[in-house]
Amino acid sequence: MEYFKWTQWIFLKLYNSWFNPETNKAEPIETLKFPAEIVASGLRPDLSVPGAGTTFDSARRAFVDSKRLAYVSEAPVNWCPELGTVLANEEVIDGKSEVGGFPVIRKPMRQWMLRITAYAEKLLADLDLIDWSDSLKEMQRNWIGRSEGAEVDFQIDGWKEKIRVFTTRPDTLFGATYMVLAPEHALVDKITTGEQCEAVKCYREHAARKSDLERTELAKEKSGVFTGAYAINPVNGGKIPIWIADYVLASYGTGAIMAVPAHDTRDYEFAGKFNLPVIQVVQPADAKADWQGFTGDGVAVNSTGPEISLTGLPTAEAKKMITAWLEANSLGKRTINYKLRDWLFSRQRYWGEPFPVVWKKGPDGQSYHEALPESSLPVLPPVLEDYKPTADGQPPLARAKDWLGEIPGSTRETNTMPQWAGSCWYYLRYLDVKNARSFVSKDAESYWMGANGCKVNSIGTQPVISNLQLATKSMTPGVDLYVGGTEHAVLHLLYARFWHKVLFDLGCVSTPEPFYKLVNQGLILGEDGQKMSKSRGNVVNPDDVLVEYGADAFRLYEMFMGPLQETKPWNTKGVEGVYRFLGRVWRLFVDEKSETAFEQAETTAVSSNRGELLELILLDGGITDLAATPAQFKALHACIKKVTDDLDGMRFNTAISAMMVFINEAMTWQNKPLPVMKTFLQLLAPFAPHLAEELWARLHATFGQIAPSLAYTPWPKFDPALLVESEIEIPVQVNGKFRDVIKVPVDANNATIEAAAKAAEKAQPFLASKTIKKVIIVPKKMVNFIVG
RNA sequence: GCCGGUGUGGCGAAAUGGCAGACGCACAGGACUUAAAAUCCUGGGACUGUAAAAAGUCGUGCGGGUUCGAGUCCCGCCACCGGCACCA
């Protein structure tokens with residue numbers, strides 16, 4: 001409930017903020033200035049008491065609402081009938097719901113949106129500040145989909161309206177042979193001529209009926225209809241036909257394009273189908289290459305008009321020149337577009353945070369929304385008997401009539417927030433869970449998020465995290481390490497970054513990014529190497545493994561399987577392997593006879609005194625307080641070094657193999673020195689905590705010592721001096737081929753090494769009766785004889 | 001189509017440019033046992049060779065290159081996995 005409260009509190013922050021393009025950050029809505037025309041038309045200039053509500057005239061309200069970071073939209077949304085709710089773009093994959101794979105259709109509905117698009121540039125630029133995998137960053141970049149280009153206005157022949165298009169290739173303007181509007185484009189009704197009216201109407205209806213799924217699946221074949229109208233190409237005055245086609249999306253760019261079939265694959269296909277002219281305006285650098293359908297950079301040709309000529313210019317320069325000309329003549333301007341859309345934030349579900357919002361009716365009869373004050377938080381969902389939507393399709397909360405009208409003069413919002421809302425900031429609440437006054441205290445936030453010394457980024461600057469900061473964990477801003485799967489690449493990880501950035505702009509948190517270092521753990525596949533799924537019947541249930549082998553073995557196996565980031569198949573036999581290893585560790589410490597005694601006692605005893613029977617198990621007599629031999633120390637310290645280094649690099653698999661090597665050797669020891677055995681348990685503790693703690697406690701008890709939990713003992717340090725070898729093995733090569741190994745003192749000089757290498761038994765046959773042309777000696781590494 | 005990742009024994013995998021296959025699984029042989037399980041020991045890339053050895057040749061997806069020396073670096077391919085995709 002407390003958590004609901006603060007999630008709603010953050011929502012209110014979003015609701016009461018706007019993105020100021022001048023300061024390039026979110027600001028409280030109070031800093032928003034009304035444009036002159038609204039001030040002039042306004043009858044009630046007083047905006048200072050928003051709580052009073054009635055002082056908001058509709059023009060002002062509409063203006064503020066158009067700027068809020070949380071706003072209401074009437075645009076078509078992704079409706080999933082099966083799930084009974086709308087979904088965000090990120091939750092729709094190939095026209096199906098991400099959860100369950102049910103069909104999704106477009107449906108106009110009144111929905112809450114979050115203005116994540118205002119943060120597109122920051123979300124993109126700040127990827128440079130964080131240590132995530134390239135593939136994950138690339139997925140986000142893809143999703144944000146920044147593209148640079150220009151907007152160009154085309155006059156419609158016979159009308160005063162213009163069609164504005166977005167293009168990344170303004171340099172191909174001379175090659176535009178027709179225009180295409182999205183079927184939903186606002187101008188279609190207006191410009192369609194009488195004889196085309198029927199065909200256009202029919203096509204639009206047809207397009208509207210198509211689901212997202214059909215739109216993507218039927219992408220192969222182009223379709224479209226001529227409107228009967230013509231546009232004027234601003235560079236040469238040419239009259240070109242205006243078509244509508246569903247390959248142009250209403251929701252991207254301006255919903256209209258200029259078609260340059262010669263240099264765009266889609267336009268080329270369309271022109272081919274409808275016999276539209278194709279004019280070359282780019283010459284590929286490779287003279288033999290076909291210019292038809294060539295979409296790369298080249299040199300502009302056939303691009304000369306009465307006022308401007310691009311002919312002869314390379315693509316990059318042609319783009320610059322035409323854009324400058326368009327801007328100078330007020331025909332267009334340089335623009336950046338993003339694929340990212342605003343985040344559809346409301347759901348028609350019961351389980352979810354209710355919006356802290358009510359609806360009211362103004363004096364003009366128009367209904368409008370108003371945020372509840374902070375003091376009314378949390379807004380809890382009403383108790384319901386039935387969690388299904390109402391008969392007339394309202395969200396479940398609409399069933400609670402009393403709750404709806406609880407606040408006099410208003411009706412509560414019945415939508416709820418998606419599950420992503422809470423996951424957007426839980427890492428902040430973890431820092432200060434019980435705080436009743438704030439979502440997180442300043443102190444806790446700055447301590448844990450470690451913002452000290454982190455300079456704040458602003459767009460366009462170099463990444464400001466120095467190598468020193470990268471190397472020093474205490475300096476890394478945000479969550480130090482976040483381990484998660486890629487399935488959240490454009491959902492949780494994008495949403496949380498967005499919320500965090502808003503909170504950052506509003507001064508609520510001190511870092512620009514929430515998660516500094518992120519590691520994607522690889523997917524664990526089923527034993528058949530396929531993705532685990534119920535339908536394939538290859539799901540491994542962890543509970544079963546835990547019952548059979550215990551938590552330590554399960555945990556250890558998952559770490560031992562291979563590199564953390566890699567996708568790898570499950571193998572239950574592998575669990576048995578690490579289980580055997582843990583068994584060897586146990587037997588290294590425990591006296592076998594006493595354990596046999598315990599087992600026998602256990603089979604005959606009643607279950608209640610099993611705890612006492614455990615006392616029968618004694619430590620192995622080989623464990624003594626004797627000093628360790630140099631070889632024992634060496635084995636231990638090699639293990640400490642390897643495990644320490646590997647933990648740092650999250651190479652758990654090789655850390656575990658180092659412990660196996662140690663155990664394999666220790667099994668042969670007659671005397672097991674206590675300090676060595678203790679230190680080993682410390683190394684084991686992070687991997688198999690239960691077993692390690694158990695043995696740790698027994699070890700201390702047996703020697704009459706007090707045992708603090710392993711979790712609180714300092715990590716062991718290795719002594720490099722103990723790892724120094726007096727003699728080392730060096731490979732001997734002849735003509736680069738390995739032939740033998742020699743043993744020489746560590747500090748042997750080159751002459752000694754060469755002599756020893758020449759004498760190497762197995763290298764002899766390859767050296768005899770040959771002349772040695774060259775000897776390559778890399779000290780402590782190898783010897784290579786080049787012979788002829 | 002575009003982007004990212006991965007290719008090494010029968011399998012999961014190791015290897016700062018310097019003895020490829022550590023460690024584990026599976027397998028085979030042996031010890032213990034009346035027997036089995038458990039445990040312990042031994043073996044193991046392929047090919048040639050040998051009674052068995054010894055010894056040699058080949059071998060890290062494919063083709064080139066750099067280097068005394070390449071699984072590792074460079075260039076060009078191929079295959080598989082993941083993501084995006086009528087985004088102008």
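Because only heavy atoms are used, hydrogens play no part in the values below, and waters and symmetry mates are left out as well, while side chains stay in.
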Determine which pairs satisfy salt bridge (Lys or Arg N to Asp or Glu O under 4.0 Å) with at least one residue from residues 652-663 of chain A, sequence neighbours left out, and list them in order.
-> none
Syn versus anti for B/rG9, judged by chi lying within 90° of 0?
-> syn
Counting only side-chain N and O atoms of A/R587, is one of them less than 4.0 Å from OP1 or OP2 of B/rC40?
-> yes
Have a look at A/S147 and say if it touches a base, only the backbone sugar-phosphate, or nothing, with a 4.0 Å heavy-atom cut-off.
-> sugar-phosphate
Just checking A/K339: base, sugar-phosphate only, or nothing, at a heavy-atom cut-off of under 4.0 Å?
-> base
Of the candidate nucleotides B/rA26, B/rA88, B/rG5, which contains the atom at the shortest distance from the side chain of A/D134?
-> B/rG5
Out of B/rC40, B/rA13, B/rG12, which has the shortest distance to the side chain of A/F560?
-> B/rG12
Under 4.0 angstrom, heavy atoms only, what part of the nucleic acid is A/V778 near: base, sugar-phosphate, or nothing?
-> base
Taking only the side-chain nitrogens and oxygens of A/R580, find out if one of them lies under 4.0 Å from OP1 or OP2 of B/rC25.
-> yes
With heavy atoms under 4.0 Å as the rule, sort A/P563 into base, sugar-phosphate or nothing.
-> sugar-phosphate
Do any of residues 483-491 of chain A sit with a heavy atom less than 4.0 Å from RNA chain B, and if so which?
-> none
Report which part of the nucleic acid A/D267 touches: base, sugar-phosphate, or nothing (heavy-atom distance under 4.0 Å, all strands).
-> nothing
For A/R739, report the nucleic acid contact type (base, sugar-phosphate, nothing); a contact means any heavy atom under 4.0 Å.
-> sugar-phosphate
Side chain of A/M139 only, please: which of B/rG83, B/rG24, B/rC40 is the nearest?
-> B/rG83
Interatomic distance, A/E91 CD vs B/rC84 P [rounded to whole Å] | 13 Å
Inter-nucleotide C1' distance (B/rC25, B/rG44), Å rounded = 14 Å
Measure the shortest side-chain to side-chain distance between A/I730 and A/V741 over non-hydrogen atoms and say whether it is less than 4.5 angstrom.
-> no
Any N/O donor-acceptor pair, A/K222 side-chain to B/rC86 base, under 3.5 Å | yes
Is it the case that A/R497 places NZ or CZ above or below the six-membered ring of A/W132, under 6.0 angstrom from the centre and within 45 degrees of the axis?
-> yes
With a non-hydrogen cut-off below 4.0 angstrom, is A/D740 in contact with a base, only sugar-phosphate, or nothing?
-> nothing
For A/I786, report the nucleic acid contact type (base, sugar-phosphate, nothing); a contact means any heavy atom under 4.0 Å.
-> sugar-phosphate
Shortest side-chain distance from A/T168, nucleotide among B/rG12, B/rA88, B/rC19 = B/rA88
In sequence, state the C-alpha distance, the side-chain angles, and the governing distance for A/R164 and A/D153, and then conclude on salt bridge (charged side-chain N to carboxylate O under 4.0 Å, His left out).
-> CA-CA 4 Å; A/R164 177 165 291 182; A/D153 288 335; 2.8 Å; yes
A/K737 near the nucleic acid: base, sugar-phosphate alone, or nothing, with a heavy-atom cut-off under 4.0 Å?
-> sugar-phosphate
Looking only at B/rC23, B/rA26, B/rC68, the nucleotide nearest the A/E576 side chain is B/rA26
Is there a side-chain polar atom (N or O) of A/R584 under 4.0 Å from OP1 or OP2 of B/rG24?
-> yes
Do A/N142 and B/rC84 have a side chain to base donor-acceptor pair shorter than 3.5 Å?
-> no
Contact nearer the 5' end of RNA chain B, comparing A/K642 with A/I257 = A/K642
Distance-only donor-acceptor pairs under 3.5 Å for side chains of residues 484-493 of chain A, two or more places apart:
| residue | atom | partner | partner atom | Å |
| --- | --- | --- | --- | --- |
| A/H492 | ND1 | A/S423 | O | 3.3 |
| A/H492 | NE2 | A/Y482 | OH | 2.7 |

Hey, is the side chain of A/E138 pairing donor to acceptor with the base of B/rC84 inside 3.5 Å?
-> no
Give a yes or no on this: more than 12 heavy atoms of other residues, nucleotides or ligands lie within 6.0 Å of atom OH of A/Y549.
-> yes
Side-chain N,O (A/N571) to OP1/OP2 (B/rG24) below 4.0 Å | no
Going by an N to O cut-off under 4.0 Å, is there a salt bridge joining A/R334 and A/E148?
-> yes
Can you tell me how far P in B/rG43 sits from the matching atom in B/rC23, rounded to whole Å?
-> 11 Å
Between B/rC47 and B/rG59, how far apart are the C1' atoms? Round to whole Å, please.
-> 10 Å
Residues A/R146 and A/E121 bridged, charged N to O under 4.0 Å = yes
